[in-house]
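In what follows, chains are A, B, ... by sequence order, proteins preceding strands, each numbered from 1.
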Number of protein chains: 2
Amino acid sequence: MIDPDSIGTISRIPRFSGVSQQALTWLAEQLSRRSYAKGAMLFLEGEDSSHLWLVESGAVKVFRSLESGRELILGIFRFGDAIGEVAVIDGTGYPASASAHEDATVWVMPRQAYFTYLERFEGTAIALIRDLTLRMRVMQRRMEDLGGGGVEYRIARVLQALCAKSPDQPGPVYLPIPLTRQDLADMVGARIETVIRIMSRWQKDGLIGQDDRGLCVRDRRAMAQLAGGS
Amino acid sequence: MIDPDSIGTISRIPRFSGVSQQALTWLAEQLSRRSYAKGAMLFLEGEDSSHLWLVESGAVKVFRSLESGRELILGIFRFGDAIGEVAVIDGTGYPASASAHEDATVWVMPRQAYFTYLERFEGTAIALIRDLTLRMRVMQRRMEDLGGGGVEYRIARVLQALCAKSPDQPGPVYLPIPLTRQDLADMVGARIETVIRIMSRWQKDGLIGQDDRGLCVRDRRAMAQLAGGS
DNA sequence: CGGCTGGTTGATTTTAGTCAAGTGCAGTGG
DNA sequence: CCACTGCACTTGACTAAAATCAACCAGCCG
């Protein structure tokens with residue numbers, strides 16, 4: 001039943017990096033691994049929040065279909081990120097849907113096992129609180145982006161945020177996630193044509209670039225300018 | 001030093017309603033009460049997050065001045081709401097500023113006392129987790145509002161949310177908080193003139209009304225229509 | 001009486017959405 | 001191999017929405 005390598009893999013998930021060997025062994029029995037092909041749904045909004053999801057590889061998109069007809073991407077999650085935590089904790093259904101943005105493998109943890117985990121092992125509740133507060137900061141930032149100004153400003157902020165993890169190196173910074181124009185549009189609450197027009201201009205001006213390695217920001221200073229002072 | 005009535009007042013704050021008499025007594029020693037006149041600042045973004053704030057009466061506006069020049073209201077908090085929790089927990093400075101939206105009295109709790117409180121008394125960490133998840137849901141909703149569509153849709157959503165607590169009664173529903181047009185504009189990320197034009201039209205169409213008791217929604221069905229299906 | 005705040009209106013410009021058409025490419029099945 | 005499909009991307013013309021700029025009004029308060 002238990003993949004003999006499970007413990008090793010699980011211990012590499014940041015969320016569980018600090019826990020005891022005993023907790024890891026217990027976790028390995030509770031978690032199961034699943035793989036999803038690009039585009040496959042992990043869960044739908046409103047569905048009963050039966051599981052906590054932890055991304056091991058690939059990328060998972062969490063989004064919400066709005067009454068206005070649009071789709072708003074709430075976040076794209078990668079290695080180590082937890083999904084569905086809020087829903088699992090408060091027991092109401094998932095507040096959004098999730099699908100595999102690229103081929104992805106995830107660990108799933110049943111709701112009850114998660115509660116047991118929080119109760120039984122020391123320090124896990126604190127880790128959860130820290131994680132939640134961190135995510136609230138991220139959400140606040142995104143609220144600011146969405147409410148902040150024009151579409152140009154909002155796209156610049158998103159690209160800025162995606163590049164933020166990379167060290168301040170010279171040369172182009174490639175985005176860690178493949179994003180289509182439609183994805184960007186869904187992230188900033190705009191139409192695809194608007195996004196294309198803005199990005200075409202940026203490309204012409206040498207601000208960004210695109211090749212087989214993906215999308216990149218060529219002029220971080222100018223991008224920061226757009227995201228900051230307009 | 002301790003207001004003899006403190007314990008009684010504190011026990012009425014929902015956040016502390018379930019705690020033991022012992023914890024209440026301890027809290028009464030840690031908390032101090034402050035009053036702020038309308039417009040006065042409680043704290044500034046970036047300031048060291050030294051205290052947790054609990055609103056007892058009045059209203060406190062939490063907002064952020066964006067690089068784009070706008071001011072985005074992140075929330076307006078009333079009786080029982082906690083402010084600054086995220087900042088206190090993760091120890092980085094306040095991520096936003098707060099001022100008294102109306103004359104307000106608040107309880108302040110030093111950072112260290114808050115940690116002691118979480119450690120010493122049973123169940124408080126769980127209560128915190130529940131509160132955080134609840135607030136993440138609220139934030140997600142606001143993100144959807146901001147990214148969702150036009151200004152009309154966004155204003156409708158805000159009014160809708162403010163009326164949501166009131167029971168589904170016939171007749172006008174007055175907003176629980178006095179809001180100027182500018183406040184609304186800062187909540188939805190729009191200009192004051194745009195807000196005025198939309199609301200003037202609504203007023204003409206009998207959707208909303210305004211009198212000495214404040215702003216009210218007269219036709220909740222139509223408002224829900226705007227917030228839902230456009 | 002000023003000065004201040006909040007609300008309001010109109011004219012104009014800018015921005016973004018909408019509609020329609022079309023390109024380039026990768027994969028698929030005949 | 002080639003037609004065919006689907007997908008991401010692109011462009012142009014046009015319309016609608018919102019921002020901007022500039023006044024102006026009413027009430028309130030010292």
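For the pair H101(B) NE2 and dT5(C) P, the interatomic distance rounds to 15 Å; values are reported in whole Å. Rounding to whole angstrom units, CD of residue Q210(B) and C1' of dG27(D) are separated by 14 Å. The CZ atom of R191(B) sits 20 Å away from the P atom of dT9(C) (whole-angstrom rounding). Across the protein-nucleic acid pair, I198(B) atom CD1 and dA16(D) atom P stand 16 Å apart, rounded to whole Å. For the pair I155(A) CD1 and dT15(C) P, the computed distance is 14 Å after rounding to whole Å. Computed from coordinates, the I208(B) CD1 to dG7(C) P distance equals 12 Å when rounded to whole Å. To the nearest angstrom, P of dT10(D) lies 9 Å from CD1 of I192(A). Rounded to an integer number of Å, the gap from W202(A) CH2 to dT10(D) P is 14 Å.
Ring pair Y94(A)/F43(A) is parallel by interplanar angle, where below 30° counts as parallel and above 60° as perpendicular.
When each of E193(A) and G150(A) is assigned the nucleotide of DNA chain C bearing its nearest heavy atom, the one mapping closer to the 5' terminus is G150(A).
Of the listed residues (I198(B), D145(B), I155(B)), just one forms a side chain to side chain contact (heavy atoms under 4.5 Å, CB included) with V188(B), and that residue is I155(B).
In the displayed structure, R130(A) atom CZ is contacted under 6.0 Å by at most 12 heavy atoms of other residues, nucleotides or ligands.
Evaluation of atom-type donor-acceptor distances gives a pair under 3.5 Å for the side chain of R197(B) against the base of dG10(C).
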Report task. Applying side-chain contact (heavy atoms from CB on, under 4.5 Å), run through W53(B) and L42(B) and close with a yes or a no. Result -> CA-CA 9 Å; W53(B) 309 70; L42(B) 278 69; 3.7 Å; yes
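Taking 4.0 angstrom as the limit, T180(A) places none of its side-chain polar atoms (N or O) nearer than this to OP1 or OP2 of dA8(D). Within the 4.0 Å cut-off from OP1 or OP2 of dT9(C), at least one side-chain nitrogen or oxygen of S200(B) is found. Listed pair R70(B) / dA19(D) meets the phosphate criterion, a side-chain N or O lying under 4.0 Å from OP1 or OP2.
Across all strands, R154(A) comes closer than 4.0 Å to no nucleic acid atom at all (heavy-atom distances).
Taking both residues in full, the closest heavy atoms of R213(B) and D211(B) are given as N-OD1, 2.7 Å, listed atom of the first, atom of the second, then distance.
Among the nucleotides dG17(C), dC9(D), dA18(D), the one closest to the side chain of T194(B) is dA18(D).
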